Amino acid sequence: MRKITFVLGLIVAFGLLAQDKTAIKFAKTITADDLKEHLSVLASDEYEGRETGKKGQKMAAEYIANHFKSLGLEAPVDGSYFQKFNLTESSIGSVYFRKGEEKKVGFEEFIYYSKAETMGEEYISIVMADDEAGMSSYEGSYVAYVTDQLGGLQEKIDQAKEAGAVGFVVVLKNDDEFSSVLTRFGPYLKRPSLGLDQRDNESDKMIIADKSLAAWMFDKEFEEIKPGDKAEVVFNADYLDKPIGTENVLGFLKGTEKPDEVIVITSHYDHVGIIGGEIHNGADDDGSGTVSVLEIAEAFVEAAKKKKGPKRSVLFMTVTGEEKGLLGSRYYTDTDPVFPLENTVVNLNIDMVGRIDDAHADNSDYIYVIGSDKLSQELHELSENVNTTYTGLELDYTYNDENDPNRFYYRSDHYNFAKNNIPIIFYFNGTHPDYHKSTDTIEKIAFDTMEKRARLVFHTGWEIANREERIEADKEKLEKEAGE
């Protein structure tokens, strides 16, 4: 008896968890072979890169729903596994400036971006920014700023908007920088875009130009343009909008004791489709996360079949439209949460977990963990303890740093839960040269490593679902208490 008491004391003192043999048993059903079997389908050429709203995405949705059905998961959207909704697809019609018969063509000689409506040709007035003259002269005008590189103008742009500016022209002095921006962003912005929102005339109208276009607009040598100078040109930007249907795929496992409390485990199953005639299979991004969700769901279901199901409910959700701006998860959280957000305990989000990055070439047993401590210190400690108890991976917090320039915390579907004060963990393998390229293919996936990562997520979800007390968003409270 004394020995048992001593061991229990150590567990409490060091925050460790006693191993749950049930959890270990069902975690073992998550295997590299099964992950590979699923990914061989979803990341195949037949699925055409799973672009949102396109044929391959629809095929992937059917595959996932059929898997959920085969497991016996509940279909929680009025008896369906599909949460269907419409996005607006916007295609560029004709974008140009005109003076007389002479035109400057968008995406060849300048870049234009906006979500505002523009109907046909209209005369616009462009004012070169003048910090000395005050803002009154900006009313109803586009304001031009000359700069060496993009960025660093947001404060000035916000001030100009308050003073009535309706659009902005950023003139890049460095020709190489402009050429680079045109090459990088031009083709991307010319592609049809998808969004949840309708066009809004309150949206910024942003033009990126070079010195030669500025000189043409103001009808003088670039070096002769002065603050306060004005130009009038005809501008045209036509968009062709149409609705595109898409769907999140949801499978639900009801909890045995606290069914109203829900853990949400997510991945995004869409990718970028076909670009330049090349299929972008998205094996890692995010085929890896999606098949991990499928296997984690199966592990939970196998436990439930043996009357060992989780106390809390678990929603397995693969979302659409992540690559278009986290659209599927935003639709769920902001428009149609199938289960109330106040009852949502935690979101565990899996986005790219199949590769090994250069920083860990000598140690593949790692995973980047992002956001576990942003809202809940309790969740962060649980995550650490689960890993120590069951999987022993290196939990790398490099990208969790508030000052990390990549800002990954804001760039995957967990963020739409986090902004609603729901504690989250984002699991990520880091970047690699094949990101958003046609070379993100299945033969580069490290399935044995992926198996360990998926098991970590399962164990974490299992512990959250079965602990006595609900995980709370306690970070703000703890920081306040520490300061008192």
Side-chain angles (χ1 to χ4, degrees), residues 45 47-57 87-98 103-118 147 149-151 167-197 199 203-214 216 235-242 244 246 268 270-286 320-327 352 406-407 411 431-441:
D45 285 352
Y47 282 64
E48 298 180 351
R50 309 186 304 277
E51 183 174 5
T52 300
K54 300 294 178 67
K55 170 188 171 184
Q57 179 254 298
L87 299 171
T88 299
E89 181 183 77
S90 294
S91 301
I92 294 289
S94 181
V95 178
Y96 60 82
F97 285 107
R98 182 176 63 79
K103 287 185 179 180
K104 300 293 184 181
V105 180
F107 308 103
E108 295 179 13
E109 296 172 276
F110 66 94
I111 284 177
Y112 174 71
Y113 174 75
S114 180
K115 292 183 179 178
E117 295 179 10
T118 306
T147 182
Q149 58 185 14
L150 287 177
F168 305 93
V169 180
V170 177
V171 181
L172 294 174
K173 289 192 296 185
N174 186 309
D175 290 338
D176 289 339
E177 175 70 9
F178 174 76
S179 178
S180 174
V181 169
L182 191 65
T183 300
R184 281 185 292 147
F185 297 116
Y188 175 78
L189 291 174
K190 280 193 73 174
R191 296 186 73 208
S193 64
L194 288 178
L196 278 169
D197 306 316
R199 293 206 166 273
S203 176
D204 291 347
K205 299 175 182 178
M206 186 68 66
I207 294 159
I208 303 172
D210 64 358
K211 292 183 296 184
S212 64
L213 183 62
W216 179 82
F235 182 60
N236 186 87
D238 294 325
Y239 285 89
L240 309 173
D241 289 353
K242 64 178 180 179
I244 296 291
T246 191
H268 73 90
D270 66 300
H271 193 52
V272 300
I274 300 174
I275 301 175
E278 293 185 320
I279 297 173
H280 289 53
N281 300 106
D284 190 29
D285 185 14
D286 182 30
T320 183
E322 192 271 355
E323 301 290 2
K324 307 296 184 180
L326 315 185
L327 301 180
M352 297 174 60
N406 297 286
R407 294 174 60 80
R411 290 173 53 185
T431 58
H432 51 73
D434 301 306
Y435 175 71
H436 278 197
K437 293 183 179 178
S438 60
T439 49
D440 180 7
T441 49

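Quick caveat, the model's predicted, so the values are computed rather than measured.
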* To do: Calculate, to the nearest 0.5 Å, the distance between atoms CG and NZ belonging to Asn174 and Lys211 respectively.
  => 8.0 Å
* Expected output: side-chain Asp270 to main-chain Glu322 donor-acceptor under 3.5 Å -> yes
* Asked: So, for Ser94 and Asn236, which heavy atoms are closest and what is the spacing to 0.1 Å?
  -> O-ND2, 2.9 Å
* Asked: If you round to the nearest 0.5 Å, how far is CG of Asp45 from OG1 of Thr441?
  -> 9.5 Å
* Check: Ser179 main-chain N/O paired with Thr183 side-chain donor or acceptor under 3.5 Å -> yes
* Could you check Glu48 against Lys54 for side-chain contact (heavy atoms from CB on, under 4.5 Å), going step by step and ending with a plain yes or no? => CA-CA 9 Å; Glu48 298 180 351; Lys54 300 294 178 67; 5.9 Å; no
* Structure fact -> Phe97 meets the ring pair (Phe, Tyr, Trp, His ring centres under 6.0 Å) criterion, sequence neighbours left out, with Phe110, Phe235
* Asked: Can Thr88 and Leu194 be said to form a side-chain contact (heavy atoms from CB on, under 4.5 Å), step by step?
  -> CA-CA 5 Å; Thr88 299; Leu194 288 178; over 6 Å; no
* Taking all atoms of both residues into account, what is the closest heavy-atom pair of Val169 and Ala209, and its distance? -> CG1-CB, 4.3 Å
* To do: Considering non-hydrogen atoms only, spot the tightest contact between Glu177 and Leu150 and give its length.
  => OE2-N, 4.2 Å
* More than 12 non-hydrogen atoms from neighbouring residues, nucleotides or ligands closer than 6.0 Å to CZ on Arg407, yes or no? -> no
* To do: List the steps, then state whether side-chain contact (heavy atoms from CB on, under 4.5 Å) holds for Tyr96 with Glu109.
  => CA-CA 9 Å; Tyr96 60 82; Glu109 296 172 276; over 6 Å; no
* **Side-chain donor/acceptor of Asp204 to backbone N/O of Phe168, under 3.5 Å** => no
* Any chance you could lay out the side-chain contact (heavy atoms from CB on, under 4.5 Å) test for Thr52 and Leu327, step after step, and finish with the verdict? => CA-CA 10 Å; Thr52 300; Leu327 301 180; over 6 Å; no
* Structure fact -> Nearest heavy-atom approach of Ile279 to Ser438 is O-CB, 3.5 Å
* Which distance, rounded to the nearest 0.5 Å, do you find between the OG1 of Thr147 and the CG of Leu172? -> 7.0 Å
* **Point-to-point distance, once rounded to the nearest 0.5 Å, from CG of Asp434 to NE2 of His280** => 10.5 Å
* **Within-4.5 Å side-chain heavy-atom neighbours: Ile275 and Arg191** => yes
* To do: Taking side chain to side chain contact (heavy atoms under 4.5 Å, CB included) as the test, write out the residues that go with Ile92, two or more places apart.
  => Val95, Phe107, Tyr239
* Asked: Taking atom types as modelled and ignoring hydrogens, do the side chains of Asn281 and Asp440 form a donor-acceptor contact shorter than 3.5 angstrom?
  -> no
* Gap separating the CD atom of Gln57 from the CD atom of Glu51, nearest 0.5 angstrom -> 9.5 Å
* Exercise: identify the closest heavy-atom pair between Leu213 and Asp210 -> N-OD1, 3.0 Å
* To do: Without swapping roles, check the side chain of Arg411 against the backbone of Asn406 for a donor-acceptor pair under 3.5 Å.
  => yes
* Quick one: pull up CZ in Arg50 and OG1 in Thr320 and give me the separation to the nearest 0.5 Å. => 10.5 Å
* Structure fact -> Taking every heavy atom of Gly53 against every heavy atom of Thr246, the minimum-distance pair comes out as N-OG1, 4.1 Å
* Asked: Is the side chain of His271 donor-acceptor paired with the backbone N or O of Asp285 at a distance under 3.5 Å, no angle test?
  -> yes
